[in-house]
Amino acid sequence: MTKYIFVTGGVISSLGKGIASASIGKILESRGLKVTIMKCDPYINVDPGTMNPYQHGEVYVTEDGAETDLDLGHYERFVSAQMTKFNNVTTGQVYNAVISRERRGDYLGKTIQVIPHITDEIKERVKKLAQVSAAQVVIVEIGGTVGDIESLPFLEAARQFSLDAGKENVLYIHLTLIPYIKCAGEIKTKPTQHSVGTLREIGIQPDILICRTEKSLSDEVKEKISLFCNVRKEAVIEAKDVDTIYQLPLVFKNQILDEIILSHFHLICKFSDLKEWERLVVERALNPRHKVAIALVGKYISLQDSYKSIYESLTHAGIENDAKVEIKKIDPEDIEKCGPEKLLNDVSGVLVPGGFGYRGIEGKIKAIRFARKNKMPFLGLCLGMQCSVIEFARNACGLKEANSTEFKPKTKYPVISLLEEQKKVRDLGGTMRLGAYPCVVKKNTLASRLYKKYSVLERHRHRYEFNNKYKDLLEKKGMSFSGIYANKDLVEIIEVKDHPYFIAVQFHPEFKSKPDKAHPLFSGFIKAALGSL
Ligand code: GLN
């Protein structure tokens with residue numbers, strides 16, 4: 001019988017529900033259970049693919065090509081399960097499905113309502129995930145904060161779930177904030193009491209509370225929370241701020257959260273201590289011997305979540321190379337204004353991430369030229385690869401007007417352009433080249449030395465491609481094409497010869513990096529930036 005854990009959030013948003021859910025997954029997985037994690041997003045978009053990163057942070061792409069919430073990235077970084085399109089459900093998807101069924105006449109004669117039709121659809125999706133993943137434990141993180149109008153149907157579905165699956169198979173965890181009021185010198189439990197009160201009004205009594213706090217919770221405070229919220233004292237878990245998110249599973253483990261969950265479900269599992277994780281990830285992340293500064297040249301730098309997986313991948317590469325990676329976030333428009341020399345003189349590597357639209361492109365191209373000319377390690381991702389091609393065509397091959405047709409549709413030298421099949425596309429949602437595609441890695445290249453294999457699977461999210469018409473010319477001038485999607489002869493990896501580390505890829509390696517297994521392209525990049533490749 002599958003066990004279900006619903007994770008809700010109270011008081012404020014941004015408490016780290018995604019990382020908490022991922023960490024719960026981690027401690028249960030370490031006990032030998034097969035775990036998967038689902039994210040329910042209350043917005044009406046079918047997926048976040050059509051949203052600006054400032055609205056929603058990064059769009060995380062799964063192996064099967066779903067554009068999903070960035071929390072799925074946390075899940076994949078903490079647990080071994082691979083996320084799929086079944087792991088992210090939005091209000092938009094739920095209504096879409098119910099309305100299409102209504103139009104087909106499947107509910108003929110009935111009035112379609114939030115309860116039971118919308119809630120049934122939500123529950124069906126949770127059960128479907130349990131079935132396709134064959135997980136023993138399905139963790140369901142409900143987006144938003146308790147009290148929001150939008151998330152009510154998801155909470156109602158979560159409440160009903162214990163009727164369907166049986167109380168002993170369902171567990172409710174509420175993540176909440178215990179604020180510290182500086183001038184009073186006190187931590188306050190009232191917002192948590194209210195938040196749990198709101199949950200109970202809709203019929204959910206949390207079994208476990210995870211309390212985000214700056215200060216440790218005294219026994220007395222825990223007792224108070226326990227009494228007012230009707231949660232056993234040992235199930236009031238303290239989640240004090242940590243230095244690295246990868247510590248959180250250890251924080252939970254130390255408070256025997258895994259045992260509390262297992263005993264609720266009457267499960268007896270093998271013992272585990274997370275020692276490997278502690279040694280390979282946490283200790284290394286906390287005590288690096290080296291330091292290296294990397295410039296990230298991107299448009300969305302003011303929001304921490306926009307490049308989440310890239311920041312995490314750099315951290316992983318740092319862990320693997322025993323180095324703290326300091327990220328200098330640079331707006332490409334500032335490079336356009338004051339030139340790359342001033343902004344890039346104090347870093348050891350340049351990374352240009354993915355993106356859309358012309359704004360900032362010329363600044364990115366200037367940054368790439370600077371890295372290429374100065375033999376500074378460079379990693380380009382997706383749009384970063386397209387900009388590298390434009391830069392090389394313009395400055396090494398003399399095609400001064402080289403561009404992507406995304407930015408200049410009638411450009412004289414369309415070194416990046418649309419494939420025929422993309423030209424017919426009208427709808428923008430879910431129509432890019434998405435998900436994992438195999439890439440053949442050429443022998444005796446930097447890419448093959450990094451990957452140590454000749455065939456890799458990497459995830460995509462883009463419309464435009466390298467234009468093969470320019471391959472020979474660019475090759476003659478010193479660019480090599482070290483990765484190809486053989487089925488369609490599409491360029492996936494480019495390198496520049498006579499450079500210590502200049503590599504750019506059409507895909508997104510950041511979606512496949514793990515804290516205990518950095519992605520080779522990131523790891524090599526940091527190694528090169530440290531001067532030890
Ligand atoms: N805008 C480019 C394209 O659509 C790159 C996309 C990206 O970087 N994810 O091809």
Side-chain angles (χ1 to χ4, degrees), residues 47-63 65-68 70 73 296-301 303 305-311 313 332 350-365 367-368 378-391 393 402-409 411 414-437 439 458-468 470 483 485 488 490-494 503-513 519 521-522:
D47 62 42
T50 52
M51 277 188 241
N52 183 305
Y54 278 138
Q55 294 280 312
H56 195 264
E58 145 190 299
V59 175
Y60 189 77
V61 181
T62 56
E63 203 80 352
E67 295 177 278
T68 71
L70 59 83
L296 183 138
V297 185
K299 268 195 296 199
Y300 309 109
I301 47 173
L303 182 75
D305 277 352
S306 304
Y307 301 115
K308 192 85 218 166
S309 293
I310 297 178
Y311 297 146
S313 301
V350 175
L351 188 153
V352 176
F356 297 83
Y358 182 63
R359 187 170 63 82
I361 291 295
E362 297 302 331
K364 290 178 186 171
I365 291 174
I368 295 168
F378 170 77
L379 179 61
L381 310 175
C382 205
L383 180 69
M385 183 198 101
Q386 299 175 355
C387 288
S388 317
V389 169
I390 298 170
E391 189 281 317
N403 217 327
S404 161
T405 55
E406 177 180 3
F407 315 130
K408 200 166 182 220
T411 179
V415 287
I416 304 292
S417 63
L418 279 184
L419 284 185
E420 275 314 306
E421 60 204 49
Q422 274 290 340
K423 288 185 187 157
K424 295 181 215 120
V425 169
R426 291 288 165 263
D427 284 355
L428 295 185
T431 55
M432 282 188 257
R433 181 174 175 222
L434 289 168
Y437 286 86
C439 166
E458 294 282 6
R459 299 183 195 174
H460 293 250
R461 180 173 185 254
H462 59 103
R463 253 180 241 290
Y464 294 82
E465 303 282 353
F466 177 83
N467 184 344
N468 281 338
Y470 296 92
Y485 171 50
K488 293 203 167 163
L490 297 176
V491 169
E492 302 279 41
I493 310 176
I494 63 147
I503 190 160
V505 293
Q506 186 54 80
F507 45 79
H508 291 272
E510 70 271 24
F511 296 144
K512 294 186 84 161
S513 183
H519 191 286
L521 297 181
F522 278 91

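Remember, it's 1-based here, ligands and their atoms both numbered in the order they're listed.
- Residues Arg461 and Glu67 are paired through a salt bridge, judged by an N-O separation under 4.0 Å between the basic side chain and the carboxylate.
- Judged by the shortest distance from any of its heavy atoms, Gln386 lies inside the 4.0 Å radius around the atoms of ligand 1.
- For the pair Cys439/Tyr437, no side-chain contact is recorded, criterion being any heavy-atom separation below 4.5 Å from C-beta on.
- Each of the atoms 8 (O) of ligand 1 lies under 4.0 Å from some heavy atom of Gly354.
- Interface of Glu406 with ligand 1, defined as ligand atoms under 4.0 Å from a residue heavy atom, comprises 1 (N), 2 (C), 3 (C).
- No donor-acceptor contact under 3.5 angstrom links the side chains of Glu58 and His508, judged on distance only.
- Between Leu521 and Phe507 there is a side-chain heavy-atom pair separated by less than 4.5 Å.
- Every atom of ligand 1 with a heavy atom of His508 under 4.0 Å away is listed here by number and element: 9 (N).
- A donor-acceptor contact shorter than 3.5 Å is absent between the side chain of Glu406 and the backbone of Tyr464.
- At a heavy-atom distance under 4.0 Å, atoms from both the backbone and the side chain of His462 approach ligand 1.
- Listed by number with element, the atoms of ligand 1 under 4.0 angstrom from any heavy atom of Arg463 are 3 (C), 4 (O), 10 (O).
- Scanning all protein heavy atoms for the shortest distance to atom 10 (O) of ligand 1 gives Tyr464 N, 2.8 Å.
- Of all the listed residues (Arg433, Glu465, Arg461, Gln422), Arg461 holds the heavy atom that lies closest to atom 9 (N) of ligand 1.
- Considering both main-chain and side-chain atoms, Gly357 never comes within under 3.5 Å of ligand 1 through any nitrogen or oxygen pair.
- Among protein heavy atoms, the minimum distance from atom 7 (C) of ligand 1 is reached at Cys382 SG, 3.0 Å.
- In this structure, Arg433 is positioned above the aromatic face of Tyr485, its NZ or CZ under 6.0 Å from the six-membered ring centre and within 45° of the axis.
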